[in-house]
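Data block below; observations after.
As the structure lists them, so they are numbered: ligands from 1, and atoms in each ligand from 1. Worth knowing before you read on, the calculation uses all heavy atoms, side chains too, and leaves out hydrogens, waters and symmetry mates.
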Amino acid sequence: MEITIIGSGAIGGVLGAYIARAGVNVVFCDIEQEHVNHIRYKGLRIEGPAEEFVVKGEAYTPEELIARNKQLDWVFICTKAHHAQQALDQVCQLINKDATIVSFQNGLIDLKVPVQKKVSEPLCCFVNFSADYLEPGRILYGGVSSVAIGEFNGTSTDRLKVLKNILEHWGPVKQTHNILGYLWSKLSYAALLYATALVDETMATVVDRKEFRPALIELCAETLEAAHVKNVNVHSFDVWRPELIFPRENQKQELLNAEFDRISTWMAKNKKQKSGIWRDIAIRRRKTEVDFDLVPILEIGRQHNLSFPLTKFVIERIKELEQGAKQMSWDNLMDLKKLYEDDVLR
Ligand SMILES: NC(=O)C1=CN([C@@H]2O[C@H](COP(=O)(O)OP(=O)(O)OC[C@H]3O[C@@H](n4cnc5c(N)ncnc54)[C@H](OP(=O)(O)O)[C@@H]3O)[C@@H](O)[C@H]2O)C=CC1
Ligand SMILES: CC(C)(CO)C(=O)C(=O)O
């Protein structure tokens, strides 16, 4: 068995390193030549909260992987959502009907393989552990958190069992009939993460600020309402309990405050202190995955005559931050709070 990781950054790098360290054949693939060279010649360093280790491995750019011309067996697509389809298309000629493709993206993506390839639909992996690509060959790993896998149609298959065994070289993995429930739940959590990235502060600091909580809770409720109209039964994970937020009429202030305290404490303990969204904007100066995370929520709202003003605001502000038209600041959260108080509460 050989696992090919397409996109060996934060998530792909951590998973690949643990799986390779356990003795499974892992082939790392990434578009960054310097990163590929590091993995190949010096090794990939994982800097976790409990341990640091280095794994040397076979590593290629997509072009080198194609030139190698070996059929791929297990293909983990670990790029950002907006690169995933292109990353898969690029290596498609190396994929035949026996291959298993697994998507690891946050957000709503629907990877397609040309039908003539007769490849089964991709498996899906929900990820909530955190990691950051620091520089070529170096990845910060925040520590163990939930990972769940499933077939999109909810069935239990042999290939899922095999995937579970592979991924458990990293840590505990839940096999679920409701992978969409996890993905949508993560989307509602991601709404919170996007809001924290409006400020140049740690996620824990933002979530700790009680004056912003009502607006943040309503922001997450908008995504959960979209999940509801799509008939998705959202699943809790780690400290995230969407059932406390939606349906809105079930909200209990005390429970929600305690929940947000718990989330803040949980975030403060993680080695990764700021979100991937913050990192994309502030450090890597590139686009976030907002088009795959929050933009589809607005679209679903439109289709169902639901307006999601806070989601719309966060999308617009994130895009302004991406373009450099606005700066990260508490003022952004003040504006969100004001919108909530003036337009939503009214
Ligand atoms: N990081 C985290 O803590 C978490 C991330 N996730 C999700 O996991 C997914 C991956 O994110 P993450 O690991 O953080 O992203 P990273 O940017 O750290 O890693 C993705 C890597 O893929 C590379 N890449 C882009 N296009 C291609 C291509 N065509 N072929 C090969 N490699 C390519 C990127 O290069 P380049 O940078 O040059 O584009 C990058 O090195 C995202 O959907 C994210 O939301 C989920 C939970 C937590
Ligand atoms: C913070 C984290 C890891 C979720 O826990 C995440 O998904 C991100 O950084 O985008």
*asked:* I need the D208 CG to T265 OG1 distance, nearest 0.5 Å.
replied: 7.5 Å

*Would you mind listing which atoms of ligand 1 come within a distance below 4.0 Å of any non-hydrogen atom of K272?*
1 (N), 2 (C), 3 (O)

*Less than 4.0 Å between a side-chain N and a carboxylate O, is that true for D291 and K319?*
yes

*Given C78, S8, G13, G107, which has its nearest heavy atom closest to atom 20 (C) of ligand 1?*
C78

*Would you say G276 contacts ligand 1, with heavy atoms under 4.0 Å as the rule?*
no

_Sub-4.0 Å heavy-atom contact, H35 with ligand 1_ = no

*Selected option - heavy-atom contact closest to atom 9 (C) of ligand 1, from T79, N270, T61*: T79

*Applying a strict 4.0 Å limit to heavy atoms, is K80 in contact with ligand 1?*
yes

*When only distance counts, is V127 in polar contact with ligand 1, meaning an N/O pair under 3.5 Å?*
no

*Do any N/O atoms on S130 end up under 3.5 angstrom from N/O atoms on ligand 1?*
no

*For the pair R262 and D238, find out whether any cationic side-chain nitrogen is under 4.0 Å from an anionic carboxylate oxygen.*
no

*Report, in ascending order of atom number, the atoms of ligand 1 lying under 4.0 Å from any heavy atom of A10.*
1 (N), 12 (P), 13 (O), 14 (O), 16 (P), 18 (O), 19 (O)

*Is it true that H235 and F126 have ring centroids separated by less than 6.0 Å?*
no

*Are the aromatic rings of Y182 and F237 close, with centres under 6.0 Å apart?*
no

*Mode of A84 contact toward ligand 1 - side chain, backbone, both, neither (heavy atoms, under 4.0 Å)*: neither

_Salt-bridge contact D158-K161 (side-chain N to carboxylate O under 4.0 Å)_ = yes

_Regarding ligand 1, does Y133 bring an N or O atom to under 3.5 Å of one of the ligand's N or O atoms?_
no

_Applying a heavy-atom cut-off of 4.0 Å, say which part of R286 lies close to ligand 1: side chain, backbone, both or neither._
side chain

_Check this for me, if you would: do E211 and R209 make a salt bridge, where the nitrogen-to-carboxylate-oxygen distance has to be below 4.0 angstrom?_
yes

*Looking only at distances, please establish whether an N/O atom of ligand 1 is found under 3.5 Å from an N/O atom of Q105.*
no

_salt_bridge(E64, R68) N-O dist < 4.0 Å_ = no

*Salt-bridge test for R159 and E151: reply yes if a basic N is under 4.0 Å from a carboxylate O, no otherwise.*
yes

_Between the side chains of K186 and D293, is the shortest nitrogen-to-carboxylate-oxygen separation below 4.0 Å, so that they form an ion pair?_
no

*Tell me which one of I77, D30, L193, L140 gets a heavy atom nearest to atom 34 (C) of ligand 1.*
D30

*Between I6 and ligand 1, does any nitrogen or oxygen pair lie at a separation below 3.5 Å?*
no

*Looking only at distance, does G12 have an N or O less than 3.5 Å from an N or O of ligand 1?*
no

*Between Q90 and ligand 1, does any nitrogen or oxygen pair lie at a separation below 3.5 Å?*
yes

*Would you call K70-E58 a salt bridge at under 4.0 Å N-O?*
no

*Can you label the angle between the Y18 ring and the Y141 ring as parallel, tilted or perpendicular, going by 30° and 60°?*
perpendicular

*Should the proximity of K186 to ligand 1, defined as any heavy atom under 4.0 Å, be assigned to the side chain, the backbone, both, or neither?*
side chain

*For ligand 1, which atoms have a heavy atom of F129 less than 4.0 angstrom away?*
3 (O), 47 (C), 48 (C)

*Compute the minimum heavy-atom distance from N128 to ligand 1 and say whether it is under 4.0 Å.*
no

